[in-house]
There are 2 protein chains.
Amino acid sequence: MAQTAPARSTGNGRTGREAYDLSAVLNIAVAAFNDHGYEATSMGVLAQRLGTSKSAIYYHVSGKEDLLRLALDRALSELELVLTRDGATQGPADDRLRFVLRGAVDVLVKDLPYVTLLLRLRGNTEVERQALARRRDFDRAVAALVDEARADGTLRADIDARTTTRLLFGMINSIVEWYRPGGPITPERLADDVISVAFDGLATSR
Amino acid sequence: MAQTAPARSTGNGRTGREAYDLSAVLNIAVAAFNDHGYEATSMGVLAQRLGTSKSAIYYHVSGKEDLLRLALDRALSELELVLTRDGATQGPADDRLRFVLRGAVDVLVKDLPYVTLLLRLRGNTEVERQALARRRDFDRAVAALVDEARADGTLRADIDARTTTRLLFGMINSIVEWYRPGGPITPERLADDVISVAFDGLATSR
DNA sequence: TGTTCTACTTACTGGTCGTTCAGTAGACTA
DNA sequence: TAGTCTACTGAACGACCAGTAAGTAGAACA
């Protein structure tokens, strides 16, 4: 939503200078965190990328960890929202699973840098651990759908349910490492392909 | 191969103290890099984990980047070796693809921390960029097998070849994020499951 | 015109970073 | 016994780290 360039603020002091809002600061911070890793990204390079001074950032956020917390909350909120929609709560389990997977791909594409940051967490601080816990809850909800679909006989049961879920997420989450919006593949096509490969495999139809 | 604990060296000075060899230093460095990220891992915590001083590490390696280079070379050499074996060069394309994927899973499991480090690279230094280039060459070789199998009609051609390869690697590479050797799933079973899901999908057989 | 508010600025603090260097304990060799 | 080698130790280096303190330009409001 927000751009890389400073956003024009409504009640801005200083004439020639355009003010940054929180959203613009967050976007640039998340990009930098993804480039170098959160811990290795200094407030100094963040300020450089914003074209301001280090201390200017502290006007918008209380510190480096606050930036991380805000960014992760955005990614997690979007993912959790998918689970609350009708398609995720009504109908056969395998349809609900497909709906959630498609929703996850949509969120991945829409908030790519934010989800990328989330998926690269290692859990070294309290903020990271709390985000990982929320992510695990999301994973568990999908794992429950996998279990249901297995019980219904629509998903193969010869492979361990945990392994199934993890391979599924492995495939979906890898999207953040290579997909770039605006390329030849539309988000809709991407979601179709992911679901098709996941359910029917790569071998030619028998 | 080497352990976390100091290895007894042959021509060691100092009585009560056991010497570290390069392999032991590398193992601990790779573990630390995976925990915190390469850039964010200080030589100080490395020394702490080794139970020595910072400067002792410089006896074994020329610097922090040297540790990274050695670790990445190990992971890449193992992966590249798979492509040279008979199973990867002889027979139908889809069999060769299966052989390489199985080999990649084996390497992932055998050298898990080293491959984990490789898969988390962002390309911020020259060492990282060179390693990423070697990894891309490996990926390209597998992509060529995918192309061949598609031409043979053994792999579905309705999905873009690049996307196919990337989803395939996404699934396989995710293994480093959750698989831990010694658990309930044997490496052989893991490789079977991965290949089965990749080729036949998760839906019950039609 | 004077006050208040926003959105910064420059200058700084104590601490940590990767790396270097000079020195040395103990085993081995001549 | 003297000299050489391995495998370190501890102190120090300048650069950079996250965060703070104090000041201020300009717009809005009274």
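Each chain gets a letter, A, B and so on, in the order the sequences are listed, and its residues count up from 1. None of the values given here were measured: they were computed from a predicted structure.
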Undergrad: What is the bend of the helix from C/dT1-D/dA30 to C/dA30-D/dT1 when you compare the axis at one end with the axis at the other, using five pairs each and rounding to 10°?
TA: 10°
Undergrad: If you define the side chain from C-beta out and look only at heavy atoms, does anything of A/Arg98 sit under 4.5 Å from A/Asp94?
TA: yes
Undergrad: Could you pull out all residues at least two apart from A/Phe33 that satisfy ring-ring contact (aromatic ring centres under 6.0 Å, His included)?
TA: A/Tyr38
Undergrad: To the nearest Å, give me how far apart CG (A/Asp66) and C1' (D/dT20) are.
TA: 16 Å
Undergrad: Would you call B/Arg120 and B/Glu128 a salt bridge, using N to O less than 4.0 angstrom?
TA: no
Undergrad: Could you check how far CD1 of B/Ile57 sits from C1' of C/dT19, rounded to whole Å?
TA: 11 Å
Undergrad: Just the atom pairs and distances: protein N or O near nucleotides 10-14 of chain C's N or O, under 3.5 Å.
TA:
| unit_1 | atom_1 | unit_2 | atom_2 | d |
| --- | --- | --- | --- | --- |
| C/dT10 | O4 | A/Ser55 | OG | 2.6 |

Undergrad: Please state whether the phosphate of C/dA7, meaning OP1 or OP2, lies under 4.0 angstrom from any side-chain nitrogen or oxygen of A/Tyr59.
TA: yes
Undergrad: Go through it in stages, so that I can follow the logic: the residues are A/Glu148 and A/Arg96, the test is salt bridge (Lys or Arg N to Asp or Glu O under 4.0 Å), and I'd like the CA-CA distance, side-chain angles, deciding distance and then a yes or no.
TA: CA-CA 10 Å; A/Glu148 269 194 78; A/Arg96 281 183 281 144; 2.9 Å; yes
Undergrad: Taking the side chain as C-beta and beyond, is there a heavy-atom pair between B/Asp139 and B/Thr165 under 4.5 Å?
TA: no
Undergrad: Using a 4.5 Å cut-off on heavy atoms from C-beta on, say whether the side chain of A/Val115 contacts that of A/Lys110.
TA: no
Undergrad: One thing to verify: whether B/Asp160 and B/Arg162 come together as a salt bridge, which I'm taking to mean a side-chain N less than 4.0 angstrom from a carboxylate O.
TA: no
Undergrad: Salt bridge between A/Asp35 and B/Arg122, side-chain N to carboxylate O under 4.0 Å?
TA: no
Undergrad: Does A/Tyr114 have any ring-ring contact (aromatic ring centres under 6.0 Å, His included) partners at least two apart in sequence or in another chain, and if so, which?
TA: none
Undergrad: Not counting sequence neighbours, list each pair that qualifies as a salt bridge (charged side-chain N to carboxylate O under 4.0 Å, His left out) and has a residue in residues 56-67 of chain B.
TA: B/Asp66-B/Arg69
Undergrad: Roughly, in whole Å, what's the span from OH in B/Tyr58 to P in C/dT20?
TA: 7 Å
Undergrad: Side-chain N or O of B/His60 less than 4.0 angstrom from OP1 or OP2 on D/dC8?
TA: yes
Undergrad: What's the CD-C1' distance between A/Gln48 and D/dC17, to the nearest Å?
TA: 14 Å
Undergrad: Using a 4.0 Å cut-off on heavy atoms, which residues in residues 29-45 of chain B reach DNA chain C? List them by number, or say none.
TA: B/Thr41, B/Ser42, B/Met43, B/Gly44
Undergrad: Can you check whether B/Ile195 reaches B/Asp200 side chain to side chain, under 4.5 Å on heavy atoms?
TA: no
Undergrad: From CG of B/Leu46 over to P of C/dC17, roughly how many Å is that when rounded to an integer?
TA: 11 Å
